[in-house]
> 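After the structure tokens below, expect a handful of questions from me.
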Amino acid sequence: YGPDCGTQCGQCFGGLTCDRFDGTCPTDGAFVCATGYHGDNCHQECVRSYGPDCATPCGHCYGGQTCDRFHGTCRTGGDHVCAAGYQSANCDQECNDGNYGPDCLETCGNCVSGTVCNKTTGSCGPPGCADPWVGDLCKMIPATITSHPSDSTVVVENEATFSCGGRGVRRPNVRWYHDNVLITSGDGVSINTVGGGAVGDQRIVSSTLTITSAGRHDNGKYVCVAHNPAGNETSQVATLEVQERPDEVTVNVTASSSTTLHVTWAVGVSGNLDVIDSEVRYKQSDVIGWGAWSSTEQSDTTGEVSIHDLRPAVTYDVQVRVNNSLGWSEPGQATGTTKDAPPGPPRNLQAEPESHSSVSLTWDPPAESNGEIRGYSVQYGESESCEEPEFSDEVNTTDGSTSAVVGDLDPYTNYTFRVRGATSAGWGDFSNC
């Protein structure tokens with residue numbers, strides 16, 4: 001059309017030719033432009049529309065893409081064809097009730113009876129999910145515990161096991177805790193968690209905690225926790241008791257008198273069993289060999305006993321052990337020293353004149369000092385009898401020296417001398433005169 005017919009006609013509907021003067025397509029039919037074209041002269045390609053005159057809008061293509069301008073189909077080869085909520089080749093049909101999402105490929109969750117999910121998002125709310133389903137899509141059921149671990153008692157170094165089960169949608173995972181501390185596999189501890197079928201829509205899981213060789217540190221409270229993205233639940237508490245011999249016996253020794261020690265003890269670890277008996281033995285600290293064990297006839301985690309007929313001012317080592325049905329504990333040990341007693345008589349008292357009015361005295365310490373000698377008392381008088389209860393004169397020393405000089409005596413006079421020592425407990429017996 002146009003001058004010299006130099007311009008080609010556009011895409012007129014039905015293959016008709018355009019006006020030879022202005023290039024317009026005939027307008028007396030159902031359409032003006034052929035499929036895929038529009039505009040006054042039908043030169044322009046369709047954008048987001050298709051068909052004759054581009055009169056039909058494209059459907060809801062995935063990702064906002066335009067459709068084929070001839071057939072209206074959305075492009076294939078990507079993740080999806082239609083946008084969420086639509087289906088068919090041209091993506092111009094809404095999802096059927098019960099489906100949603102791109103290409104309507106997703107199935108609605110468990111909405112309240114009589115309702116359907118949003119065809120674009122899949123949401124059920126409001127009014128929300130049918131019980132027990134939860135979540136925006138009503139496709140999850142919170143994890144719950146179906147079987148709880150049970151209390152267990154084992155002998156030390158034996159195997160201990162706990163089991164628990166759970167269910168939910170999605171299938172739960174299981175965690176184990178010991179006294180509120182998360183347990184991980186390793187170092188003699190293993191956790192085996194497996195799926196095992198379903199109850200209705202809910203997936204089942206079972207988990208077993210195994211302690212290969214239970215020890216004292218394994219005593220305590222155990223729980224399992226079933227969890228999935230919808231929620232979690234904690235099991236009832238199960239207690240593990242590991243039985244063993246008693247241990248950690250603490251002993252305390254105090255002096256009751258110069259011949260008696262008072263012994264008390266406490267058992268730190270009973271081994272989760274009743275104490276049957278307790279025994280005590282002792283020895284002087286400077287002696288190697290122990291005495292024989294002697295039963296205290298006490299069967300508790302605490303006790304006390306007195307040890308009699310001991311030597312004064314002597315340090316003793318004391319051991320206590322206790323037993324239960326699995327055996328004796330290692331002994332606990334402590335040291336105690338009996339109180340001082342008055343000393344025995346000094347020995348080998350000798351008197352030598354030093355002048356006409358003084359006498360030098362020497363002696364040996366008592367065979368039984370019964371403590372630290374703090375001093376000596378020398379009594380003397382003009383007497384021929386050593387049986388006098390008190391002599392008229394006395395000289396005291398203030399240390400453990402075993403000699404003294406007595407002066408201011410009458411010349412050419414017979415004197416009788418005797419000596420005695422003292423400890424913190426007081427004066428002891430006199431020596432021979």
> Using a strict SG to SG cutoff of under 2.5 Å, would you count C124 and C138 as disulfide-linked?
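Judged by the SG atoms alone, which are 2.5 Å or more apart, C138 and C124 are not bridged.
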> Establish, from distance only, whether the side-chain atoms of D364 and N348 form a donor-acceptor pair under 3.5 Å.
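On atom types as modelled, these side chains qualify, holding a pair under 3.5 Å.
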> What I want to find out is whether K283 reaches D317 closely enough, with some N-O distance under 4.0 Å, to be called a salt bridge.
yes
> Could you please spell out the steps behind the side chain to side chain donor-acceptor pair (under 3.5 Å) verdict for Q333 and Q319?
CA-CA 4 Å; Q333 182 170 323; Q319 289 186 338; 2.7 Å; yes
> Are any of the side-chain heavy atoms of R75 and C61 separated by less than 4.5 Å?
no
> Is the SG-SG separation for the cysteine pair C67 and C58 below 2.5 Å?
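Yes - the two cysteines, C67 and C58, have SG atoms within less than 2.5 Å of each other.
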> Does NZ or CZ of R347 fall inside the cone over W363's six-membered ring, less than 6.0 Å from its centre and within 45° of the axis?
no
> Minimum heavy-atom separation for S213 and D218, please, with both atom names.
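Between these two residues, the closest heavy atoms are O-OD2, 4.1 Å.
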> Would R311 and Y316 count as a cation-pi pair here, with the cationic atom under 6.0 angstrom from the ring centre and within 45° of the axis?
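R311 over Y316 ring: no.
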> Measure across D53 and H38 and return the closest heavy-atom pair with its distance rounded to 0.1 Å.
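Distance-wise, the nearest heavy atoms are O-CB, 3.6 Å.
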> Would you say the side chain of D103 lies within less than 4.5 Å of the side chain of Y86, judging by non-hydrogen atoms?
no
> For the residue pair N396 / S377, report whether a side-chain donor-acceptor contact shorter than 3.5 Å exists.
yes
> May I ask you to decide if the ring planes of H178 and Y222 are parallel, tilted or perpendicular, using 30° and 60° as cut-offs?
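Parallel: the ring planes of H178 and Y222 meet at under 30°.
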> Determine whether C129 and C111 satisfy the following criterion, disulfide bond (SG atoms under 2.5 Å apart), listing intermediate values before the conclusion.
CA-CA 4 Å; C129 304; C111 301; over 6 Å; no
> Are F391 and R418 packed together at the side-chain level, in the sense that at least one heavy-atom pair is separated by less than 4.5 angstrom?
yes
> Check the pair W265, T296 against side chain to side chain contact (heavy atoms under 4.5 Å, CB included), reporting the backbone distance first and the verdict last.
CA-CA 12 Å; W265 63 90; T296 67; 3.8 Å; yes
> C12-C42 sulfur separation below 2.5 Å?
no
> Parallel, tilted or perpendicular: which describes the rings of H80 and Y62, with under 30° parallel and over 60° perpendicular?
tilted
> Between K119 and D97, does the salt bridge (charged side-chain N to carboxylate O under 4.0 Å, His left out) criterion hold? Intermediate values first, please.
CA-CA 8 Å; K119 295 178 180 181; D97 288 350; 3.1 Å; yes
> Compare the SG-SG distance of C91 and C82 against 2.5 Å and report whether it is shorter.
yes
> May I ask you to decide whether E248 forms a salt bridge with R216, counting only side-chain N to carboxylate O separations under 4.0 Å?
yes
> May I ask you to check if the distance between the SG atoms of C224 and C164 is under 2.5 Å?
yes
> Do T260 and H308 have a side chain donor and acceptor closer than 3.5 Å?
yes
> Under a plain distance cut-off of 3.5 Å, with no hydrogens placed, do D22 and T24 share a side-chain donor-acceptor pair?
yes
